[in-house]
Amino acid sequence: MAVIGQNGAGKSTLLNAICGLVSAKGSIRLRGAELLKKSPEEVIMSGIARSFQDPQLIESATVLENILLGLHSARLYRPVDQVLRRGRVRRFEAESATKAVGIAERMNLAGDLDRPVSALTYGARKMVDIARAMIGAPDLLILDEPSSGLDVDEQLRVTDVLQYIWSERKIAVLMVEHHMDVVDRLASRVIELRAGELRLSDEPETLALERREPG
C-alpha cells in the first residue's frame, strides 16, 4: 500500500504513530493486536520494521554490520550466552551473516559489505537501510519515501527490490512515496491524505482517474 499526499498532509506522522514515536488517538492494529499503547521497542517486537527517508545508519560501521543490526529484535541469545553458550552464539552469528550476505547480493550490495557506509552513495545508503529493516523478516515493512533523492536508474533499482520483498519474501509493505510512477508500478492500493484526513483510497488506476482535473 502506498500513502500519498502533499507536504504537511500527515504522511510521516501516520508512520510515526504506527511505530509508537508519537501519541495518537483511536486504534492501530497488526493482525488484530493493538499497537497504540505500545512503546517503539514493543512495536518492533510485534513484527514491524521501518526504513527512513534519510537513512539512519552508523557511519563508521560497515555495510554488513549495519544490515546485521536489523536482527536486534530477534533476541535469539542473551548476553550471558556469550559466556556460557558460546557455540550457540557463534552458530547464530554465522547464520545471521549468511542471511545478511544473501540479502546484500539481492540488493546489489555484495561488493560493499566491508566498506563503511560513510563511503557509499546516497542511493546505496538507502538500500542498506531497507536491507537492515527486512533482514528480520517482519510482518510489515514501513518505508518512508524509498525513492526520494534518487536518479531514474536508482529508482528502478529500488522498485525491483521492493517487488522482490513483497512478491518473493511475502512481506507486506506500507510506503510513503511522492513519485507516482513508482506508486503505479508497485502499489496494489493507494491512500491519499490531506491535512491528516483520508480523502481517497483505491487501486492506483482508479485513483488516477479520480484525481484527474476536469477538462
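Along the sequence shown, residues are numbered consecutively beginning with 1. Just the heavy atoms: all of them, side chains too, but no hydrogens, waters or symmetry mates, feed the values below.
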Minimum heavy-atom distance between [X] and [Y], given as atom pair plus value:
X	Y	result
Gly20	Pro40	O-CG, 3.4 Å
Ala133	Ala49	O-CB, 3.0 Å
Pro146	Leu162	CG-CD1, 4.1 Å
Pro55	Tyr122	CD-CE1, 3.9 Å
Leu35	Ser46	CD2-OG, 3.7 Å
Val117	Leu57	CG2-CB, 4.0 Å

[X] [atom1] to [Y] [atom2] distance, which is reported to the nearest 0.5 Å:
X	Y	atom1	atom2	answer
Glu65	Asp114	CD	CG	9.0 Å
Glu59	Asn66	CD	CG	8.0 Å
Thr159	Glu177	OG1	CD	8.0 Å
His179	Leu150	NE2	CG	8.0 Å
Asp160	Arg106	CG	CZ	4.5 Å
Ile142	Leu14	CD1	CG	8.0 Å

Could you tell me whether the side chain of Glu197 and the main chain of Arg194 form a donor-acceptor pair under 3.5 Å? no

Hphob cluster co-occupancy, [X] + [Y], side-chain heavy atoms under 4.5 angstrom:
X	Y	answer
Leu156	Leu143	no
Leu36	Val22	no
Ile130	Leu113	yes
Val101	Met127	yes
Ile18	Phe52	no

Apply side chain to side chain contact (heavy atoms under 4.5 Å, CB included) to the pair Ser12 and Asp144, showing each step before the final yes or no. CA-CA 7 Å; Ser12 293; Asp144 194 352; 3.5 Å; yes

Considering only heavy atoms from C-beta outward, does the side chain of Arg157 approach that of Asp153 to under 4.5 Å? no

Side-chain donor-acceptor contacts of residues 166-174 below 3.5 Å, not counting sequence neighbours, with atom names and distances?
unit_1: Ser167; atom_1: OG; unit_2: Gln163; atom_2: O; d: 2.4
unit_1: Arg169; atom_1: NH1; unit_2: Tyr164; atom_2: OH; d: 3.4
unit_1: Lys170; atom_1: NZ; unit_2: Ser167; atom_2: O; d: 2.8

Test applied, side-chain hydrogen bond (donor to acceptor under 3.5 Å, both in side chains); reference residue, Lys126; option that passes from Ser51, Ser147, Ser148: Ser148

Which side-chain N or O atoms in residues 2-9 pair as donor and acceptor under 3.5 Å with protein atoms at least two apart or in another chain?
none

